[in-house]
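Remember, predicted model here, so these are calculated numbers, not experimental data. Below, chain A is the first sequence line, B the second, and so on; all start at residue 1.
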Number of protein chains: 2
Amino acid sequence: MKKHDQDYMKLQNRRTVFGIIKQQHPISRAAIAKQTGMSPTTVSRIVGELTELGYLVESEQVAAAGLGRKSTLIGLADGSVLSIGIELDRHFMSIGILDLQGNVICSDKRVRPAEEDLEETLRRIGAAIEELVRHHAIDRTRVVGIGIGLPGIVNNDKGGVVFSVQLGWKNVPLAERLKELTGYEVAVDNELKVRALAEHLKGAAIGSRRTALLGFGNGVGSALILEGEVYRGDMNSAGEIGHTTVDPNGMMCECGKAGCLQTYITIRSLLSEANQIRPIQTIEEVFEARQAGERWAIHLIDRALDYMAIAINNLVCMYNPDSVILSGELPDRFPGIHEEIEARCSSHFVWEPLRGSFRFHHSELSEWGVVIGSGLLSQNRFFQL
Amino acid sequence: MKKHDQDYMKLQNRRTVFGIIKQQHPISRAAIAKQTGMSPTTVSRIVGELTELGYLVESEQVAAAGLGRKSTLIGLADGSVLSIGIELDRHFMSIGILDLQGNVICSDKRVRPAEEDLEETLRRIGAAIEELVRHHAIDRTRVVGIGIGLPGIVNNDKGGVVFSVQLGWKNVPLAERLKELTGYEVAVDNELKVRALAEHLKGAAIGSRRTALLGFGNGVGSALILEGEVYRGDMNSAGEIGHTTVDPNGMMCECGKAGCLQTYITIRSLLSEANQIRPIQTIEEVFEARQAGERWAIHLIDRALDYMAIAINNLVCMYNPDSVILSGELPDRFPGIHEEIEARCSSHFVWEPLRGSFRFHHSELSEWGVVIGSGLLSQNRFFQL
DNA sequence: ATCATTAGTCCAATGGTGAAAATAATAGGA
DNA sequence: TCCTATTATTTTCACCATTGGACTAATGAT
């Protein structure tokens with residue numbers, strides 16, 4: 001447990017106040033005081049300090065209260081703090097510059113040669129940042145850091161990539177290297193974990209305290225928000241739903257086990273299965289074949305969705321979240337998937353009262369979720385949140 | 001996020017100091033200061049207050065330090081605080097009185113008529129407490145409360161039993177009723193959650209921050225310790241591993257799904273399956289039959305253990321704990337099960353470095369785990385931990 | 001205009017914590 | 001034995017975040 005002294009107390013209170021403003025801005029001091037239970041004095045002081053630092057502004061507007069003096073609303077000083085969010089994938093790299101609200105000010109997405117080596121990737125990242133900053137005349141002094149989300153297992157604390165099949169990396173001190181190169185502070189995390197963070201703060205799961213985000217496309221994975229925090233697990237590999245068994249008599253996975261979820265629901269596996277029937281290039285063709293009533297395609301995709309539902313059911317049983325978010329290339333490109341999975345699941349969850357206010361969500365930030373999450377991660381690091 | 005003021009700060013610091021003493025007693029003030037980073041002044045004050053309140057004592061002994069003044073060790077004042085822990089099950093009720101260290105001072109276990117109704121159960125609990133207290137001349141003023149662990153879904157906050165198949169209860173305000181009856185504060189929780197708490201504080205998972213406890217016997221379930229806290233989930237039903245699917249083509253579960261874990265590994269299901277071969281009364285006979293090489297028994301139990309391993313694998317993938325604890329009637333009565341499951345699992349966990357220091361544990365508190373956990377729960381409530 | 005009501009600021013009091021100094025205890029020499 | 005270096009604990013005191021209450025500001029209702 002952490003040591004509590006006055007400094008820590010102050011920091012915590014600043015966190016809560018800042019957090020509330022980020023979520024509910026513009027908002028009055030009085031409202032913050034009411035919500036937090038802090039005295040108006042304290043709220044005033046904190047807001048004052050943050051204003052002094054340039055992060056907040058008193059907006060001209062006043063709240064339309066029923067009675068009494070109107071409150072002056074506090075808002076975020078956009079542009080006062082910027083951060084760079086990067087999504088790094090096998091085949092592409094997305095980059096965006098975010099403001100305090102998590103808005104993407106400007107962005108860029110470019111392909112990444114599949115076999116690009118580490119040094120080259122680092123160079124390219126540096127160049128991409130340089131270009132974006134210059135092209136959009138970004139004030140460098142406002143940029144507080146870089147966040148990177150990537151597929152694989154990441155040591156968020158140290159900013160090292162432990163292992164990434166997709167990028168072909170193993171024990172890469174990414175944060176360290178990129179900090180040397182760019183001079184900015186660098187935070188690194190798994191792509192789904194930052195995506196979950198983004199959806200939690202700005203997207204589908206605002207206000208939720210226990211959410212599971214599933215991502216499926218080229219791979220399949222998940223990330224958990226527990227008690228409002230990203231849950232990382234003992235070795236930073238929590239959420240590995242892809243190697244969860246959904247059918248003990250199923251197909252062999254490359255990991256040596258039978259019936260791992262990732263054997264069924266990833267684009268790669270769907271395509272490879274489809275190609276045993278007839279030559280097929282893209283996942284769209286598979287869905288078209290299904291639409292056209294071709295048996296094999298119906299079976300292939302139904303099976304995948306069935307197994308996905310099983311995995312979700314298992315997850316919900318274990319974690320009892322208040323919401324599940326579906327995201328990734330597959331649900332993005334085939335929105336119908338969402339309802340199909342939801343329908344399969346809802347017949348599963350056991351007892352009515354236990355569902356509580358459980359909800360399925362579709363990712364709201366989809367394509368830019370990882371970039372936004374990475375950028376927010378970096379901001380949070382800066383603010384010691 | 002919580003409001004931080006001086007009171008809260010003080011409370012938190014007291015919690016950490018008290019927590020350390022509970023785990024590492026006897027220990028010196030200086031050592032506590034070093035561990036927590038607090039100033040010696042603060043530690044001294046807190047220890048002083050807790051001593052004043054009678055919870056701590058200075059033991060006469062001094063530490064064998066290398067050089068300098070020896071430290072006076074602080075220990076728990078046993079008997080200063082007592083609590084009553086109760087395990088309530090379909091067929092029996094266990095009760096114990098615990099001291100601060102979590103030692104069971106005295107205890108009692110008695111059968112519970114299967115169809116006993118709520119009022120009768122309440123009366124019996126009251127009587128059992130009365131008897132135990134009187135018989136062992138327990139100082140009533142020292143008892144700070146009662147903790148109860150039971151199978152089913154419990155609203156730990158309000159102390160209500162939402163649903164318990166085994167006890168036949170639904171929406172029973174247990175804490176409220178029992179407080180009326182006994183006058184003591186009452187805390188209620190799911191049996192496996194308190195058992196996990198007990199193992200975390202006093203048993204196999206001391207020092208672990210992320211543990212999963214599995215319990216299997218008449219039912220099967222699990223409980224999670226995340227970041228050192230019992231994880232309860234949105235509707236208090238986290239850990240429902242019994243309705244996790246382990247084989248989509250498996251047997252129908254009473255919940256309507258196919259292949260739930262509880263269809264395979266519970267004593268009840270094993271017996272019912274066994275009886276389709278030949279009349280069998282007890283689970284021992286099944287294991288004996290297996291020992292004797294009878295095919296059906298080998299298959300039945302192997303299948304159960306295989307599925308158990310799958311469920312554990314799934315759990316470990318999702319939650320990446322540093323340890324898993326096996327507990328319950330089955331592993332207690334057939335210790336070999338433990339190694340068999342472990343062997344099946346260890347071939348599963350994917351990548352060596354990710355295992356970290358992962359360990360399998362056998363429950364150390366076995367039969368009294370729930371009683372101890374319940375008692376500790378009650379104490380923690382009292383100390384506002 | 002006056003009053004009731006709400007927002008926000010100013011000021012003094014409270015009280016937990018930390019730093020430093022004082023005191024205590026101890027081992028190892030000289 | 002006495003002195004010194006070292007570590008443990010207590011004492012003293014200053015610091016400062018928070019709070020409560022007094023006060024000012026603003027606004028709608030009467």
Side-chain angles (χ1 to χ4, degrees), chain A residues 1-18 20-21 24-52 56-75 384, chain B residues 1-18 20-21 24-52 56-75 384:
Chain A
M1 215 182 282
K2 207 168 158 7
K3 170 181 116 174
H4 284 242
D5 59 9
Q6 253 179 345
D7 284 348
Y8 184 70
M9 176 166 97
K10 188 176 175 179
L11 179 65
Q12 287 293 338
N13 282 339
R14 183 151 80 172
R15 282 180 191 170
T16 74
V17 169
F18 203 10
I20 286 179
I21 294 174
Q24 305 177 32
H25 75 110
I27 186 177
S28 73
R29 295 168 234 259
I32 297 173
K34 205 164 292 170
Q35 257 184 72
T36 59
M38 293 177 208
S39 68
T41 317
T42 303
V43 175
S44 254
R45 186 191 51 73
I46 294 173
V47 168
E49 283 177 11
L50 292 174
T51 308
E52 190 76 22
L56 301 179
V57 284
E58 283 194 354
S59 70
E60 303 299 316
Q61 305 169 3
V62 281
L67 201 61
R69 172 179 174 178
K70 283 175 183 164
S71 40
T72 51
L73 299 180
I74 313 294
Q384 304 178 45
Chain B
M1 215 181 281
K2 209 173 154 6
K3 172 180 110 172
H4 285 242
D5 59 9
Q6 253 179 343
D7 285 348
Y8 184 70
M9 177 166 95
K10 186 176 176 180
L11 180 64
Q12 287 294 339
N13 283 338
R14 183 150 81 172
R15 280 180 192 169
T16 74
V17 169
F18 203 10
I20 286 179
I21 294 174
Q24 305 177 32
H25 74 111
I27 186 177
S28 72
R29 295 168 235 257
I32 297 173
K34 205 165 292 171
Q35 257 184 73
T36 58
M38 293 178 208
S39 67
T41 316
T42 304
V43 174
S44 254
R45 185 189 48 74
I46 294 172
V47 168
E49 283 177 11
L50 292 173
T51 308
E52 190 75 22
L56 302 180
V57 284
E58 284 193 352
S59 70
E60 302 300 315
Q61 304 169 3
V62 282
L67 203 59
R69 174 178 174 178
K70 283 173 182 164
S71 40
T72 51
L73 299 180
I74 312 295
Q384 303 178 46

Can you confirm whether Arg14(A) is buried at CZ, in the sense that more than 12 heavy atoms of other residues, nucleotides or ligands lie under 6.0 Å from that atom? no
What is the distance, to the nearest angstrom, from the [atom1] atom on [X] to the [atom2] atom on [N]?
| X | N | atom1 | atom2 | value |
| --- | --- | --- | --- | --- |
| Lys70(B) | dT6(D) | NZ | C1' | 14 Å |
| Glu49(A) | dT18(D) | CD | P | 9 Å |
| Glu58(B) | dA8(D) | CD | C1' | 11 Å |

Show the numbers, then the answer: is there a side-chain hydrogen bond (donor to acceptor under 3.5 Å, both in side chains) between Ser44(B) and Thr41(B)? CA-CA 5 Å; Ser44(B) 254; Thr41(B) 316; over 6 Å; no
Decide yes or no on salt bridge (charged side-chain N to carboxylate O under 4.0 Å, His left out) for Lys10(B) and Glu49(B), but give the supporting numbers first. CA-CA 11 Å; Lys10(B) 186 176 176 180; Glu49(B) 283 177 11; 3.6 Å; yes
Every protein N/O lying under 3.5 Å from an N/O of nucleotides 1-5 of chain C:
none

Could you check which of dA27(C), dG8(C), dT9(C) has an atom nearest any side-chain atom of Ser28(A)? dG8(C)
Tell me whether the guanidinium CZ or amine NZ of Lys2(B) lies under 6.0 angstrom from the six-membered ring centre of Tyr8(B) and within 45° of its axis. yes
Any side-chain N or O of Arg29(B) below 4.0 angstrom from OP1/OP2 of dT10(D)? yes
Lys3(A) side chain vs Met38(B) backbone, donor-acceptor pair below 3.5 Å: no
Donor-acceptor pair, Ser71(A) side chain versus Leu73(A) backbone, under 3.5 Å? no
Steps toward side chain to side chain contact (heavy atoms under 4.5 Å, CB included) verdict (Val47(B), Leu56(B)): CA-CA 7 Å; Val47(B) 168; Leu56(B) 302 180; 4.3 Å; yes
As a quick check of understanding, evaluate side chain to side chain contact (heavy atoms under 4.5 Å, CB included) for Thr51(A) and Glu58(A), giving each step before the final call. CA-CA 8 Å; Thr51(A) 308; Glu58(A) 283 194 354; 5.7 Å; no
One pair to check against side chain to side chain contact (heavy atoms under 4.5 Å, CB included): Asp5(B) and Met9(B). What are the steps and the verdict? CA-CA 6 Å; Asp5(B) 59 9; Met9(B) 177 166 95; over 6 Å; no
Nucleic acid contacts - residues 31-43 of chain B versus DNA chain C, non-hydrogen atoms under 4.0 Å: Ser39(B), Thr41(B), Thr42(B)
Taking DNA chain C as the partner, which of residues 3-18 of chain B come within under 4.0 angstrom of it by heavy atom? Gln6(B), Met9(B), Lys10(B), Asn13(B)
First locate atom OG1 of Thr16(A), then atom CD1 of Ile32(A), and finally report the distance between them rounded to the nearest 0.5 Å. 8.5 Å
Check step by step if side chain to side chain contact (heavy atoms under 4.5 Å, CB included) holds for Ile27(A) and Ile20(A). CA-CA 9 Å; Ile27(A) 186 177; Ile20(A) 286 179; 3.9 Å; yes
